[in-house]
Amino acid sequence: MIDKVQPDSRQQQVVELLKQVIEPTLKNDIISLGMVRNLRIVDDYIYLRLYVGSHQQQLQLEIESKLSSISWCKKTYIQICTIPGVKTTLAISSGKGGVGKSTTAVNIAAALRLRGAKVGLLDADIYGPNLPQMLGLGQADIQVINTPTGDKFLPLEVQGIKLMSVGLLAEANRPLAWRGPVLHKIITQFLQDVEWGELDYLLIDLPPGTGDAQITIIQESPVCGVILVTTPQQVAVADVRRNIYMFRQVGVPVLGIVENMSYLICDDCGSRTPIFGSGGGEQLATELQAPLLGQIPIDQRICSGGDTGNPIAVSEYASPTGEVFTQIAAALNVTFSLHS
Ligand code: ADP
């Protein structure tokens, strides 16, 4: 009998069935969560990649069972893409440099750690890797260990956070100028060849903007959500908007927006002055239908803490600035049901 189902409608049929597979913690379907990529139907076979955390691999069985109802499908091939031991991988991104993306990444990591989560930080900002310094690490030797799956980089551990950075592999004070294939290779190596151990969260500090490096990382890692950092000004907001299109194309959800340098708190009276304008973060949140996760004040201690390796989320956790990071960490824990 001639199969009447045309190629496009086959694809549609598969997508419709995949939309019925719900990730139980996030209570959303695996298509909306960006977990299914590279879906291809060749002859009567279905091929797809499933980007999930180490605790979500059981979704494979559910997918197989759903797709087994398709009469024309002879077999489904699912390639699981995960980072061994890592549950939730999040990316921190910004439209441009200097808005406080790395500061936000370090402080969210520190706040999560303070609440008992096992946290790793991957500094993928090859144009200005500075996470090691923000956590108080100088130039350190990266150990390579031999494992059954090949040689792996051992992350450093600082303040209870596992850290891997290109900055640790490069010579001090020499800007990194890797391009094209080398850049691609370095990033994919980072994603695959780091022995993280067991992690609740891996935060990836992306390079600013929307270039090859960002797309490679997002496409080739099980990033399940992106946190966008912006400042309140219109220009910065426009940059973030461009950034969002990139994530939408890959299908990775935007978890929320962090507005940095939102206001200055008066030391004497506690009043808040929005030096760089106001409303940018809220405007973006409404437009994207994504929550505004927090508004971080301009705080000199953020800057000095970054220089001396003391994240304010820990050193001044009870201050208004520290509390913003605590709230963001709490919101992430609620979303991913990892810790209270
Ligand atoms: P990005 O990663 O976006 O390039 P950084 O996190 O490196 O930006 O921050 C740039 C500079 O601004 C750093 O010196 C940092 O300490 C400072 N900074 C960031 N956020 C704040 C803030 N809310 N208040 C004061 N200084 C800040």
Side-chain angles (χ1 to χ4, degrees), residues 18 23 26 30-40 46-57 59-60 63 77-94 101 105 120-127 129 131 142 147 149-153 155 162-169 176 178-197 199 201-228 242-255 336:
L18 291 173
E23 202 289 328
L26 300 170
I30 56 173
I31 295 284
S32 305
L33 291 169
M35 290 174 165
V36 178
R37 301 182 208 159
N38 296 61
L39 172 64
R40 284 181 304 127
I46 301 171
Y47 300 85
L48 61 90
R49 286 195 192 166
L50 184 65
Y51 284 81
V52 284
S54 60
H55 60 311
Q56 294 165 319
Q57 300 190 24
L59 288 169
Q60 176 175 7
I63 294 172
Y77 291 93
I78 300 174
Q79 185 189 347
I80 295 256
C81 300
T82 188
I83 301 175
V86 177
K87 287 183 177 163
T88 299
T89 303
L90 305 176
I92 319 289
S93 183
S94 66
K101 172 180 54 61
L121 256 178
L122 176 64
D123 187 358
D125 191 348
I126 35 193
Y127 305 113
L131 294 197
I142 298 286
T147 75
T149 49
D151 286 350
K152 300 263 176 169
F153 293 120
K162 291 195 175 167
L163 175 68
M164 182 46 99
S165 165
V166 272
L168 297 169
L169 299 172
L176 298 168
W178 290 317
R179 292 282 176 270
V182 180
L183 181 73
H184 186 278
K185 190 158 182 266
I186 288 167
I187 296 168
T188 33
Q189 189 167 47
F190 262 165
L191 294 172
Q192 283 152 20
D193 292 351
V194 179
E195 184 71 19
W196 292 105
L199 290 185
Y201 292 99
L202 174 62
L203 304 188
I204 303 181
D205 184 19
L206 288 179
T210 51
D212 286 350
Q214 294 86 335
I215 292 177
T216 304
I217 299 168
I218 295 294
Q219 272 176 343
E220 299 200 12
S221 63
V223 168
C224 61
V226 181
I227 295 172
L228 294 168
R242 270 192 287 279
N243 208 258
I244 285 155
Y245 292 122
M246 174 176 76
F247 298 120
R248 291 231 161 121
Q249 271 183 331
V250 186
V252 174
V254 174
L255 285 178
F336 297 103

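All values below were derived from every heavy atom in this structure, side-chain atoms included, with hydrogens, water molecules and symmetry-related copies excluded. The shown structure was predicted, so the numbers you read here are calculated from the model rather than taken from an experiment.
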Under 3.5 Å donor-acceptor, Gln214 side chain and Gly209 backbone: yes
Donor-acceptor contact below 3.5 Å, side chain Asp193 vs main chain Phe153: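 Not at all, since once roles are kept as given, no pair shorter than 3.5 Å links the two residues.
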Looking at every heavy atom in both [X] and [Y], which two are closest together, and how far apart are they?
X: Ile218; Y: Ala91; value: CD1-CB, 4.2 Å
X: Ser93; Y: Phe247; value: OG-CZ, 3.5 Å
X: Thr89; Y: Pro222; value: CB-O, 3.5 Å
X: Lys101; Y: Ile92; value: CD-O, 3.5 Å
X: Thr147; Y: Gly150; value: OG1-O, 2.7 Å
X: Gly53; Y: Thr82; value: C-OG1, 3.6 Å

Geometric class of the Tyr47/Tyr77 ring pair [parallel <30°, tilted 30-60°, perpendicular >60°]: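 Ring orientation of Tyr77 relative to Tyr47: parallel.
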Intermediate values then yes/no, side-chain contact (heavy atoms from CB on, under 4.5 Å), Arg37 and Val252: CA-CA 10 Å; Arg37 301 182 208 159; Val252 174; 3.8 Å; yes
Out of curiosity, [X] [atom1] to [Y] [atom2], how far, rounded to the nearest 0.5 Å?
X: His55; Y: Glu23; atom1: NE2; atom2: CD; result: 6.0 Å
X: Leu33; Y: Tyr51; atom1: CG; atom2: OH; result: 15.5 Å
X: Leu121; Y: Asp123; atom1: CG; atom2: CG; result: 8.0 Å
X: Leu206; Y: Met246; atom1: CG; atom2: CE; result: 6.5 Å
X: Leu202; Y: Cys224; atom1: CG; atom2: SG; result: 10.0 Å
X: Ser54; Y: Ile80; atom1: OG; atom2: CD1; result: 11.0 Å

Leu90 and Phe336: CA distance, side-chain angles, deciding distance, side-chain contact (heavy atoms from CB on, under 4.5 Å) verdict: CA-CA 11 Å; Leu90 305 176; Phe336 297 103; 3.8 Å; yes
Test item: Ile217 and Pro207 side chains (from C-beta on) under 4.5 Å apart, heavy atoms: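 Yes. Closest side-chain heavy atoms under 4.5 Å.
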Heavy-atom check, side chain of Gln60 versus side chain of Val52, under 4.5 Å: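 Answer no - side chains too far apart.
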Worked verdict on Ile83 versus Val194 for side-chain contact (heavy atoms from CB on, under 4.5 Å): CA-CA 9 Å; Ile83 301 175; Val194 179; over 6 Å; no
Working for side-chain contact (heavy atoms from CB on, under 4.5 Å), residues Leu18 and Ile63: CA-CA 7 Å; Leu18 291 173; Ile63 294 172; 3.6 Å; yes
Matching residue for Ile78 among Leu48, Ile46, Leu59 - test: side-chain contact (heavy atoms from CB on, under 4.5 Å):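 Checked Leu48, Ile46, Leu59 against Ile78; only one passes side-chain contact (heavy atoms from CB on, under 4.5 Å): Leu48.
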